[in-house]
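The chains referred to below are lettered A, B, ... by the order of the sequence lines, with proteins before strands, and numbering in each begins at 1. Only heavy atoms go into these numbers, but all of them, side chains included; no hydrogens, no water, no symmetry mates. Please read these numbers as outputs of a predicted model, since none were measured by experiment.
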Amino acid sequence: MNKKMIEEEIREIADSWKDKEGNLIMVLHEIQNRYGYVPREVSLVLSEILDVPLARIYEVITFYHFFRLTPPGKMKIAVCMGTACYLKGGAELLAELEHLLCVKPGETTKDGQFQLEVVRCLGCCGLAPVLKIKEKIYGGVKKKDIGDIIAQYSDETEAKAAA
Amino acid sequence: MPKIFMNNKEITVDTNATILDAARSTGIHIPTLCYYEGKAPIGACRVCLVELEGARTLVAACSTPVAEGMKVHTNNKRVREARRTVVELLLSEHEGSCQYCTRSNDCELKAIASHLGIEDIHYKGEKPEKRIDESTPALVRDSGKCIKCRRCVTVCREVQGVGALFPQKRGYKTMIGPAFAMDLDSVACVQCGQCAAICPVGAIQEKNDIDKVWAALEDKTKHVVVQTAPAIRAALGECFGYPPGTLVTGKMVTALRRLGFHAVFDTNFAADLTIMEEGTELLMRLKKALVEKAPVALPMFTSCSPGWIKFAEYYYPEFLPNLSTCKSPQQMFGAVAKTFYASKKGLKAEDMIVVSVMPCTAKKFEAQRPEMNSSGVQDVDYVLTTRELGFMIQSAGIDFKSLEDGEMDSPLGLSTGAADIFANTGGVMVAALRTVYEIVTGKEFPAEDLRLAPVEGLKGIKEASLKITGTAPEWNFLENVEVRIAVAHGLENAGKLLESLKEGKVLYHFVEIMTCPGGCIGGGGQPRHTDDSVRLARSKAIYQEDAGKKLRKSHKNPQVQALYDEFLKAPLGEKSHHLLHTRYRERSKI
């Protein structure tokens with residue numbers, strides 16, 4: 001993204017919220033809707049346009065789980081940490097995913113494929129522990145299954161790349 | 001005015017007061033960690049809890065306004081136990097290294113814990129991530145010691161208009177720091193150190209240069225000289241139990257000599273020198289504008305305060321041409337000491353060590369600016385804050401209070417009253433006017449006791465004007481000119497003044513800006529705790545020092561005159577240009 005383009009886009013968003021109190025958070029919402037996350041260079045531009053310190057923008061972004069500092073992955077892996085899943089070993093699944101993908105919750109893998117998220121209840125506690133990849137629910141998952149599950153999706157991306 | 005009951009005693013309080021204000025007005029001390037004088041309360045630390053009859057829970061005294069008939073209890077079992085819980089929880093996360101933390105003697109958290117009678121911490125568990133940021137030459141931040149009171153956030157944003165520090169993340173993981181968890185040197189921090197001056201614990205402190213100075217003093221191959229800024233003499237005493245505003249100039253000189261400095265000089269000497277250069281520069285700019293009608297940057301801004309310089313470089317680069325090209329007195333001193341004085345002593349610049357004692361942390365940064373090496377080496381080697389000097393004197397085993405008065409050494413130790421007032425907001429302006437007016441008219445600056453009341457005091461932005469009459473022939477172009485001046489202190493105020501200038505709402509010829517509230521007497525390196533009453537006390541002492549001087553105008557300083565005669569020749573001359581003037585550059589904010 002070049003700076004000029006960003007500036008025009010951000011100015012357009014910021015202008016619509018200009019004189020409203022608490023506009024920073026609304027502008028950040030629109031930015032995230034547009035880019036999928038809040039890119040650093042966009043924060044810099046926004047700081048100039050709204051005359052808000054960069055550290056203040058960073059405060060808001062990091063306070064709310066909604067805002068992201070990194071681009072979303074192509075596929076979202078949601079690990080349920082609701083009560084039932086947690087008791088049935090959700091934390092173990094999460095640790096394994098962190099280990100295999102080398103990311104922490106909220107982050108995206110280096111190749112941009114997977115985004116790891118922690119969620120509170122996916123509405124199917126009977127299947128605990130549960131994880132969801134794209135729209136598919138995996139129930140009763142064991143730590144040793146995770147590698148295979150991920151591999152299916154990695155194959156999918158590799159196959160696409162080959163085709 | 002409402003009446004309230006404070007611990008069953010009826011008191012009349014100000015309508016806009018909070019419970020905390022009311023308590024203080026009646027001599028009741030309520031502990032606080034996040035309260036910041038004059039700013040809206042944030043109720044972050046929860047240490048000031050009090051019981052309010054009829055309220056469901058205890059309330060924070062700092063953020064609860066008084067109301068007619070209110071019944072408040074500041075010291076009962078419920079209050080004491082709640083405060084104890086709050087402080088124990090703070091302590092449970094505090095990686096304080098309290099046995100040897102440099103704030104051990106004046107740590108506000110430790111004092112409160114002790115007053116509450118805390119003997120054990122009932123909450124055990126994980127401690128937050130400890131991260132030490134030593135990226136700048138001025139400040140060190142230790143997240144392990146941080147109690148998230150947010151005073152630094154308040155001062156940085158609301159007093160200094162910078163906003164380099166904000167909370168990040170939330171809940172247990174909250175940290176205070178710059179954007180994107182970067183280090184301070186990667187963001188637009190001006191290193192003024194107001195955060196270090198206000199931090200209740202040891203989470204933000206100046207970068208300690210004490211060991212380097214001890215090593216220099218023990219290095220037999222070096223000639224080590226020291227200079228002390230005007231604001232030190234009115235504050236150093238606080239490190240030894242004197243009340244704020246006690247002048248300790250003579251004891252300070254003796255203490256420095258006992259520490260082993262080979263010569264004890266005065267930054268005030270260089271302040272007089274600054275006036276000679278800066279006053280002449282102002283006149284040259286005015287001449288250019290009024291006589292030659294040439295484009296010239298006016299108003300001219302003072303350039304003594306390194307935090308302000310950095311602020312302009314980051315936030316207002318369009319005003320850089322307006323900054324006086326004069327180096328600050330600290331740097332003028334360094335350049336003159338390592339050339340003029342060195343040659344007098346038959347030394348080379350590299351044989352000398354120049355140590356500064358400053359009320360300021362930004363001076364540590366300034367000394368390391370790459371352009372500050374006119375003598376061929378770094379002109380000022382080490383900068384100590386007032387607090388660091390106090391520490392050195394104590395640790396050397398010197399009984400400060402019993403010291404006899406000493407005198408500064410020659411040839412860089414004599415100064416006039418004009419130099420003394422550099423420490424106060426409005427002081428550089430008045431010092432300049434005392435000299436400029438006399439150069440232009442041949443008459444003394446026409447103000448009572450050589451002071452200018454409209455630019456004194458703690459009001460954020462101050463203005464005055466002065467009609468010049470009876471000019472000498474050479475300065476005829478200034479006859480009947482109304483010279484308009486302004487003074488701002490605290491960078492938030494500076495920013496407001498610059499915005500007014502940008503919008504064309506105001507017109508000035510000469511503007512003084514000091515980074516810290518109150519000027520250097522309220523600097524980020526001064527003894528803690530500094531509030532308005534302390535600022536006023538120190539400022540009064542400075543005016544007292546000025547009034548006590550036989551010479552009160554910079555151009556009358558015989559040692560400065562000798563420096564020009566023997567070495568520099570004339571203000572703004574070639575040698576001055578090389579040694580005493582500098583340049584500025586726009587800085588990227590990230």
Engineer: Please classify the contact between A:Ser47 and chain B as side chain, backbone, both or neither, with a heavy-atom cut-off of under 4.5 Å.
Structural biologist: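 For A:Ser47, there is no contact with chain B at all, as no heavy atom is under 4.5 Å.
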
Engineer: Is chain A contacted by the side chain of B:Lys589, its backbone, both, or neither, given a heavy-atom distance below 4.5 Å?
Structural biologist: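 Answer is side chain: those atoms of B:Lys589 sit under 4.5 Å from chain A.
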
Engineer: Where on A:Ile57 is there a heavy atom nearer than 4.5 Å to chain B: the side chain, the backbone, both, or neither?
Structural biologist: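 For A:Ile57, neither part sits under 4.5 Å from chain B.
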
Engineer: Tell me, for B:Val187 versus chain A, whether the close heavy atoms (under 4.5 Å) come from the side chain, the backbone, both or neither.
Structural biologist: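 Looking at B:Val187, nothing touches chain A.
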
Engineer: Before accepting this row, confirm whether a basic side-chain N of the pair B:Lys363/B:Glu366 lies closer than 4.0 Å to the acidic partner's carboxylate O.
Structural biologist: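 Yes, this pair counts.
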
Engineer: Please identify, among B:Pro178, B:Gly163, B:Ala181, B:Pro167, the residue contributing the most non-hydrogen atom pairs under 4.5 Å to chain A.
Structural biologist: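 Most pairs with chain A among the choices: B:Pro167.
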
Engineer: Given that the side chain runs from C-beta out, which part of B:Ala188 has a heavy atom under 4.5 Å from chain A: side chain, backbone, both or neither?
Structural biologist: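 Interface part for B:Ala188: neither.
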
Engineer: Salt bridge (charged side-chain N to carboxylate O under 4.0 Å, His left out) with A:Glu117: which of A:Lys132, A:Lys76, A:Arg68?
Structural biologist: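 For A:Glu117, the salt bridge (charged side-chain N to carboxylate O under 4.0 Å, His left out) test succeeds with only one of A:Lys132, A:Lys76, A:Arg68, which is A:Arg68.
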
Engineer: Is it true that A:Glu9 and A:Arg34 make a salt bridge, defined as a side-chain N closer than 4.0 Å to a carboxylate O?
Structural biologist: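 Yes.
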
Engineer: Counting neighbours of NZ on A:Lys142 that are heavy atoms of other residues, nucleotides or ligands and sit closer than 6.0 Å, is the number greater than 12?
Structural biologist: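 Open: at most 12 neighbouring heavy atoms sit under 6.0 Å from NZ of A:Lys142.
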
Engineer: Hey, is OH on A:Tyr86 packed in by over 12 heavy atoms from elsewhere, all under 6.0 Å?
Structural biologist: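 No, because the 6.0 Å sphere around OH of A:Tyr86 holds 12 heavy atoms or fewer from other groups.
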
Engineer: Name the region of A:Leu69, side chain, backbone, both or neither, that has any atom closer than 4.5 Å to a heavy atom of chain B.
Structural biologist: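 Contact with chain B: side chain only.
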
Engineer: Does B:Arg131 pair with B:Asp183 as a salt bridge, N-O distance under 4.0 Å?
Structural biologist: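 Looking at B:Asp183 together with B:Arg131, the answer is yes, because their closest N to O distance falls below 4.0 Å.
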
